[in-house]
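Order of the sequence lines fixes the chain letters, A, B, ..., with proteins taken first and strands second; residue numbering starts at 1 for each chain.
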2 protein chains.
Amino acid sequence: MTVSEETTGPEQLLRQLFDVAVSAAQPDSCVPPFLPSEPAQGRLVVIGAGKASAAMARAAETFYGRPLDGLVVTRYGHAVPCEGVEIVEASHPVPDNAGREAARRILDLAEGLTADDTALCLISGGGSALLSLPADGVSFEEKSEINRALLKSGASIGEMNTVRRHLSAVKGGRLAAACHPARVVTLLISDVPGDDPGVIASGPTVADPTTCADALTVIDRYGIRVSGAVRTALDAGALETVKPGDPRLAQAETHLVATPQASLEAAAEVARAAGFDAHILGDALEGEARDVGTLLAGIARQVASRGQPFAAPCVLLSGGETTVTVHGTGRGGRNVEYLLSLAIALGGLDRVHAIAGDTDGVDGAEEVAGAVIGPDVLDRARALGISPAARLDDNDGHGFFEALDVQVVTGPTLTNVNDFRAILIR
Amino acid sequence: MTVSEETTGPEQLLRQLFDVAVSAAQPDSCVPPFLPSEPAQGRLVVIGAGKASAAMARAAETFYGRPLDGLVVTRYGHAVPCEGVEIVEASHPVPDNAGREAARRILDLAEGLTADDTALCLISGGGSALLSLPADGVSFEEKSEINRALLKSGASIGEMNTVRRHLSAVKGGRLAAACHPARVVTLLISDVPGDDPGVIASGPTVADPTTCADALTVIDRYGIRVSGAVRTALDAGALETVKPGDPRLAQAETHLVATPQASLEAAAEVARAAGFDAHILGDALEGEARDVGTLLAGIARQVASRGQPFAAPCVLLSGGETTVTVHGTGRGGRNVEYLLSLAIALGGLDRVHAIAGDTDGVDGAEEVAGAVIGPDVLDRARALGISPAARLDDNDGHGFFEALDVQVVTGPTLTNVNDFRAILIR
């Protein structure tokens with residue numbers, strides 16, 4: 001991508017970096033290099049789940065040049081037409097009946113495979129909710145209630161997934177075990193810290209080293225309410241996932257086709273081409289969104305005032321997934337919560353601009369990826385009678401940035417490599 | 001300082017960096033270069049307030065080689081013997097009667113000075129609470145009540161200080177005005193972001209650009225209840241602070257003698273001499289302590305796994321003051337809360353060591369500065385049956401690190417340039 005002359009303003013450049021980060025994770029470009037050769041005798045069957053799964057299936061059909069058998073489940077609004085693979089849309093982040101029905105049919109497909117067949121499993125972020133089917137003995141209602149409680153609890157994504165895997169009929173390697181004795185090739189688009197295949201979409205085709213006891217530890221640490229039946233099943237190890245070394249997974253291989261780091265590297269390259277030193281602080285920064293904002297503001301201030309730890313002009317890039325402990329009733333999301341906190345902590349600091357967005361195009365519950373700001377953001381808000389601090393207290397990032405007309409709106413991007421944050425210091 | 005051969009282990013080096021940071025801010029070394037020549041005819045009178053004020057006064061007596069006249073107020077436990085300067089101990093962070101009485105006597109001393117005299121004003125962190133005296137017409141009870149309401153209001157620290165300065169008999173330049181027509185030399189040890197002399201101890205000798213009208217704006221913006229008498233006095237400008245350009249401050253000069261940044265730079269130099277690249281992320285990083293730990297762990301992980309944004313081996317230095325929202329009942333402090341969170345987020349990552357401590361030697365309510373850790377800290381805790389996550393949930397950092405025998409204990413250091421954090425990646 002080149003930087004055209006009309007788009008060299010700092011906020012235009014930041015928007016371009018976001019777009020480049022999203023492009024680097026687009027299935028059309030990142031899936032084909034990892035597709036397996038077709039099986040000599042058996043069938044190639046596509047299964048999968050995630051916000052990118054339909055786009056990944058289409059990339060596979062384009063590569064093989066023919067309609068493929070199979071079924072993948074994606075988020076409402078994320079379907080793209082495929083010739084052979086059936087696309088089912090379902091609800092995310094709160095699972096619904098369409099997702100459960102699709103999960104049942106995918107398990108049926110998997111169980112019908114033979115040793116001659118290859119299952120091509122296309123997994124991306126969001127797959128955990130989309131491929132949601134309770135394990136035997138766990139009710140849908142209770143699984144949903146536990147998930148809602150986890151999302152509000154402040155638990156890390158890793159902790160949440162430890163619980164989810166053990167309550168699921170699909171996750172923690174159970175889907176790959178169902179494919180046995182077929183070959184299983186899993187292509188993954190990562191939206192998780194460390195890019196651990198067992199964590200992406202809760203690892204439906206990957207062995208799970210965590211145990212029922214680990215799940216109980218998370219449940220108790222965050223005070224999540226569970227029924228006596230579920231507690232007893234976890235206590236007894238009756239909900240155990242597929243463990244490393246299980247022979248049913250001997251024919252399973254996994255490939256990471258897109259990652260937060262690769263997208264950050266792509267953005268860094270464009271920033272450098274535009275004349276800015278680019279520094280990747282981390283591809284998996286975590287923490288409460290508003291505190292991440294405060295802290296990164298401190299680093300930006302050090303750059304601006306002392307040229308440490310980096311000389312200006314530069315861009316500070318980071319990925320990962322922050323958390324929001326909801327206290328207010330506003331319209332929020334991780335990225336806008338972070339960005340509003342960053343703006344407040346920067347206090348209108350001159351020559352500092354920033355963008356934050358979810359690479360899937362959806363930050364929180366809104367069809368808005370994020371927002372982009374400059375040094376004037378607080379003054380502009382106050383001129384409209386809007387208190388930045390009060391909006392942050394109300395978790396109303398989307399409301400705040402909408403009023404200022406600085407939202408980043410992409411529509412569903414059909415991929416997801418998590419949050420993208422850039423701070424530009426001129 | 002040289003690195004001796006016996007002390008080159010990573011945790012010994014980190015402890016040395018902390019000691020160097022504290023040393024750089026010791027009054028014995030940082031005060032003398034800024035002391036004024038003695039007045040030709042008049043008196044040299046020492047006044048001041050803060051956790052370091054007694055040690056600063058002693059450094060002055062040592063420099064001039066004789067007992068000096070004057071009075072300074074410091075925190076309980078922070079007195080050091082001086083030959084001439086009277087040391088009064090008072091309460092911090094909640095003011096008490098001893099502090100008010102000392103403030104009255106310091107104002108009396110100031111008002112007795114002539115044009116031949118020099119006031120040496122020694123100010124450090126904590127001075128705002130220690131030198132607390134309401135302005136005429138404001139009761140102690142109302143000033144305290146307004147302060148409590150401000151702390152709960154969501155007002156920024158800058159907004160709170162605008163109100164506080166206008167309700168004070170000492171702050172906002174009033175102490176320097178009281179010294180008129182004497183020369184006033186103020187030496188400051190900074191513990192605030194940005195090192196603004198008007199913010200350190202609320203600027204008793206520094207002109208204040210904010211007005212009574214600004215104070216009323218804050219009061220009304222956050223719905224702070226004030227008496228009719230106070231509102232009338234603010235409306236009439238009767239509580240106005242000393243403004244820039246006021247001729248009473250023409251003979252006033254201020255010098256920053258120690259800052260968080262200078263201490264970080266001193267530590268960086270020692271780290272480099274020991275063969276580690278040293279990077280100062282910020283001298284004023286803020287945020288909830290546990291989230292700062294999580295986030296800096298993410299940056300350390302990026303360094304360790306990808307050599308970004310810095311190549312290992314290196315040391316990441318930072319200062320500033322984090323906050324702790326107390327939920328538990330343990331023995332905690334900002335630095336140990338941060339460090340325990342960092343350890344958990346690092347998850348035993350190989351070749352990463354860290355230290356965190358309050359440069360005043362007192363982290364939270366304990367006479368312990370902080371702690372120093374290596375990659376084995378979680379395993380060692382679990383071997384003792386101690387859950388790091390449960391201890392963090394209970395805000396029990398001191399209890400945790402005490403059990404592992406890795407506390408950093410210095411006793412009161414008689415200075416304060418805020419928190420010191422270093423992460424060493426081998």
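Between chain B and the options A:P309, A:G298, A:G287, heavy-atom pairs under 4.5 Å are most frequent for A:P309. The candidate from B:A389, B:G282, B:P193 with the greatest count of non-hydrogen atom pairs under 4.5 Å with chain A is B:G282.
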Problem set entry | Residues B:I299, A:I299; criterion side chain to side chain contact (heavy atoms under 4.5 Å, CB included); working and verdict | CA-CA 12 Å; B:I299 297 177; A:I299 296 177; 4.2 Å; yes

Which donor-acceptor pairs fall under 3.5 Å between chain B and chain A:
from: B:Q261; atom 1: OE1; to: A:Q302; atom 2: NE2; distance (Å): 3.0
from: B:Q261; atom 1: OE1; to: A:R306; atom 2: NE; distance (Å): 3.2
from: B:Q261; atom 1: NE2; to: A:Q308; atom 2: OE1; distance (Å): 2.8
from: B:E265; atom 1: OE2; to: A:Q308; atom 2: NE2; distance (Å): 3.0
from: B:D283; atom 1: N; to: A:Q302; atom 2: OE1; distance (Å): 3.1
from: B:D283; atom 1: OD2; to: A:R306; atom 2: NH2; distance (Å): 2.6
from: B:E288; atom 1: N; to: A:D291; atom 2: OD1; distance (Å): 2.6
from: B:D291; atom 1: OD1; to: A:E288; atom 2: N; distance (Å): 2.6
from: B:Q302; atom 1: OE1; to: A:D283; atom 2: N; distance (Å): 3.1
from: B:Q302; atom 1: NE2; to: A:Q261; atom 2: OE1; distance (Å): 3.0
from: B:R306; atom 1: NE; to: A:Q261; atom 2: OE1; distance (Å): 3.3
from: B:R306; atom 1: NH2; to: A:D283; atom 2: OD2; distance (Å): 2.7
from: B:Q308; atom 1: OE1; to: A:Q261; atom 2: NE2; distance (Å): 2.8
from: B:Q308; atom 1: NE2; to: A:E265; atom 2: OE2; distance (Å): 2.9

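For B:L317, no part sits under 4.5 Å from any heavy atom of chain A, backbone or side chain. Of the atoms belonging to A:L316, not a single heavy atom falls under 4.5 Å from chain B.
With values rounded to the nearest 0.5 angstrom, A:L295 atom CG is found 5.0 Å from B:L285 atom CG.
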